[in-house]
Amino acid sequence: EKGGWSSFMRKEVQEQPDAVANTIRGRIVDGQVVIPELEGLGDDVLRGIRRITVIACGTAAYAGMVAKYAIEQWARIPVEVELSHEFRYRDPVLEADTLVVSISQSGETMDTLMAVKYAREQGARTISICNTQGATIPRESDAVVYTHAGPEVAVASTKAFVAQITALYLFGLRLARVRGTLGDAALAEQLAELQAVPEKLGEVLEESDRVAQLAHWMADTRSVLFLGRHVGYPIAMEGALKLKELAYIHAEGFAAGELKHGPIALIEPGQPVFVVVPSPRGSATLHPKVVSNIQEIRARGARVIAIAEAGDAAVLPFADEVIRIPLAGPLFEPLLAVVPLQVFAMELSTAKGLDVDQPRNLAKSVTVE
Ligand code: F6R
């Protein structure tokens with residue numbers, strides 16, 4: 001039930017600190033990541049993996065893209081992320097030492113289910129990241145790591161997304177330990193970052209009124225662009241997807257570095273552009289590059305809304321609006337930066353008088369190919 005909230009989405013957005021906390025709960029024991037569901041696979045199997053292929057659709061695929069950066073960094077193993085429906089029909093190279101990780105909130109998405117079945121037939125090992133106990137995809141997989149976001153009712157995925165990243169990060173840290181690629185201090189640091197996320201999500205949610213105001217001012221907007229870099233890139237695409245789904249507004253997410261390779265031609269006076277800005281502390285090389293992207297689009301008249309770390313003063317002279325997120329390690333910023341984008345889409349939908357829980361033409365679980 002909605003429990004006093006005006007929509008399921010509003011409730012589920014607010015539940016994100018719990019979704020992350022509940023997904024972590026019981027999985028950090030004496031400073032180590034423990035995932036009992038994976039015990040069956042055995043450490044030898046995890047050690048022997050040479051490649052990870054993530055398959056998912058929509059928002060779940062963006063969670064996979066975020067996790068790619070973390071898993072490659074921590075476990076030094078190549079990770080590719082592919083849309084399930086593309087993977088299934090292109091004769092992918094799968095070997096016994098390829099691990100296929102599917103991500104699905106519902107566990108029933110037909111495209112992803114077919115891809116998992118195909119991967120198994122080819123002899124790959126499969127694990128599933130899923131939010132629904134006993135769903136079909138986990139049953140068809142060798143092992144499952146459940147996200148504990150609780151039931152997600154609104155069609156647009158929110159709390160499941162942050163829970164998916166959380167579960168994938170736990171998996172990545174576990175993998176890194178088994179493979180010996182992450183030392184004690186580094187593990188402790190990453191775990192502390194992860195455990196701090198729920199409280200920081202609470203702080204980000206406190207900014208929601210400002211984001212709502214922005215959305216109400218922008219109710220007539222016809223197109224919105226989103227830019228991000230590194231882990232901010234999938235967040236830009238997720239922000240665009242939320243806006244398309246909920247507010248029926250044309251939106252696109254780009255990698256900020258790609259701007260000069262084409263998309264900058266779209267910038268005309270008044271064009272709203274959200275920019276997910278990496279932390280100046282955590283990403284000393286990328287931060288100035290994104291700030292200069294902001295300058296470039298601003299010079300062409302873009303209306304810039306920056307999502308930036310608290311205290312980042314470099315964006316101030318060039319951004320029309322700055323939405324602050326708390327300080328976090330670079331890999332943990334996406335968990336925070338996505339929230340204002342979800343809220344923006346939800347509020348814009350509300351401002352337009354649309355049904356945020358049941359957008360037109362969409363179903364919560366897509367059980368046909
Ligand atoms: C976006 C959204 C969809 C789903 C996608 C996968 O808000 O809800 O893009 O993320 O259809 O669904 P699951 O995770 O159930 O496989």
Side-chain angles (χ1 to χ4, degrees), residues 7-13 15-16 19 23 54-67 81-88 100-117 119 126-141 144-168 226 234-249 251-253 334 338-339 341-346 348-349 354-369:
S7 65
F8 281 105
M9 183 171 176
R10 201 168 286 280
K11 171 173 176 274
E12 289 160 9
V13 162
E15 285 172 343
Q16 294 188 101
T23 300
V54 175
I55 46 176
C57 302
T59 291
Y62 296 142
M65 284 182 69
V66 170
V81 182
E82 193 159 1
L83 298 168
S84 314
H85 34 88
E86 285 296 318
F87 170 84
R88 168 67 186 84
V100 172
V101 178
S102 67
I103 312 170
S104 177
Q105 187 286 130
S106 62
E108 302 296 344
T109 299
M110 186 56 78
D111 288 316
T112 303
L113 174 62
M114 295 304 281
V116 169
K117 284 187 172 170
T126 55
I127 72 168
S128 129
I129 307 289
C130 183
N131 196 47
T132 312
Q133 297 281 331
T136 312
I137 293 171
R139 278 195 275 116
E140 292 288 339
S141 305
V144 52
V145 180
Y146 282 110
T147 47
H148 296 293
E152 193 180 65
V153 177
V155 164
S157 188
T158 54
K159 63 176 181 171
F161 176 72
V162 292
Q164 283 158 352
I165 295 174
T166 303
L168 289 159
F226 296 79
I235 295 305
M237 291 193 286
E238 170 63 2
L241 178 61
K242 288 282 101 81
L243 201 58
K244 291 174 205 173
E245 282 182 294
L246 296 168
Y248 318 151
I249 290 176
E252 259 192 273
V338 73
V339 175
L341 304 185
Q342 298 165 338
V343 173
F344 179 74
M346 176 177 75
L348 202 64
S349 164
L354 304 173
D355 182 343
V356 280
D357 286 342
Q358 293 283 343
R360 69 184 180 201
N361 309 340
L362 294 171
K364 182 61 183 164
S365 84
V366 185
T367 53
V368 290
E369 259 196 273

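Residues take their numbers from the sequence shown, with the count starting at 1. One-based numbering, in listed order, for ligands and for the atoms of each.
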Report task. Output yes when a side-chain donor or acceptor of Lys244 lies under 3.5 Å from a complementary backbone atom of Ile249, and no otherwise. Result ->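 Judged by distance alone, no pair lies under 3.5 Å.
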
Query raised in the report: Do side-chain atoms of Glu108 reach the backbone of Ala135 as a donor and acceptor pair under 3.5 angstrom?
Result: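 No.
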
Query raised in the report: Measuring from the heavy atoms of Val155, does anything fall under 4.0 Å of ligand 1?
Result: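 Heavy atoms of Val155 do come under 4.0 Å of ligand 1.
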
How far is [atom] from its nearest protein heavy atom, and which residue and atom name does that atom have?
atom                    : value
atom 11 (O) of ligand 1 : Val366 CG2, 4.4 Å
atom 12 (O) of ligand 1 : Thr109 OG1, 3.5 Å
atom 3 (C) of ligand 1  : Thr59 N, 4.2 Å
atom 5 (C) of ligand 1  : Cys57 O, 3.6 Å
atom 14 (O) of ligand 1 : Gln105 N, 2.6 Å
atom 2 (C) of ligand 1  : Glu245 OE2, 3.5 Å

Report task. Take Ile129 and Val101 through the side chain to side chain contact (heavy atoms under 4.5 Å, CB included) test and state the conclusion after the steps. Result -> CA-CA 7 Å; Ile129 307 289; Val101 178; 3.9 Å; yes

**Report entry** Name of the residue among Val343, Thr59, Leu341 meeting side chain to side chain contact (heavy atoms under 4.5 Å, CB included) with Lys242
**Finding:**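 By the side chain to side chain contact (heavy atoms under 4.5 Å, CB included) criterion, Lys242 pairs with just one of Val343, Thr59, Leu341: Thr59.
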
Report task. May I have the step-by-step check of side chain to side chain contact (heavy atoms under 4.5 Å, CB included) for Glu12 and Val153, ending in yes or no? Result -> CA-CA 8 Å; Glu12 289 160 9; Val153 177; 3.5 Å; yes

**Report entry** Close side-chain approach of Cys57 to His85, heavy-atom, < 4.5 Å
**Finding:**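 Answer yes - side chains close enough.
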
**Report entry** Residue portion contacting ligand 1 (non-hydrogen atoms closer than 4.0 Å) for Lys364
**Finding:**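 The answer is neither; Lys364 stays 4.0 Å or more away.
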
Query raised in the report: Taking atom CD1 of Ile165 and atom OG1 of Thr23, what is their separation to the nearest 0.5 Å?
Result: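 So the gap between those two atoms works out to 11.5 Å.
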
Run the numbers for me: atoms of ligand 1, each under 4.0 Å from some heavy atom of [X], listed by number.
X      : value
Lys242 : 1 (C), 7 (O)
Ser104 : 13 (P), 14 (O), 15 (O), 16 (O)
Ala156 : 7 (O)
Ala60  : 10 (O), 14 (O)
Gly58  : 9 (O)

Query - Minimum-distance pair of heavy atoms, taken over all atoms of Leu246 and Ala345 - result: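 The answer is CD1-CB, 3.8 Å.
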
Report task. Search all heavy atoms of Ala119 against all heavy atoms of Thr126 and return the closest pair with its distance. Result ->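 It is CB-CG2, 4.1 Å.
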
Please report whether ligand 1 has a polar contact with [X], defined as an N or O pair separated by less than 3.5 Å (distance criterion only).
X      : result
Gly107 : no
Ser157 : yes
Gln164 : no
Ser106 : yes

Query raised in the report: With no hydrogens and no angle check, do the side chains of Gln16 and Thr158 hold a donor and an acceptor under 3.5 Å apart?
Result: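 There is no such pair (donor and acceptor under 3.5 Å, judged by atom type) between the side chains of Gln16 and Thr158.
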
Query - Set of ring-ring contact (aromatic ring centres under 6.0 Å, His included) partners for Phe226, sequence neighbours left out - result: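 ring-ring contact (aromatic ring centres under 6.0 Å, His included) list for Phe226, sorted by chain: Phe274.
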
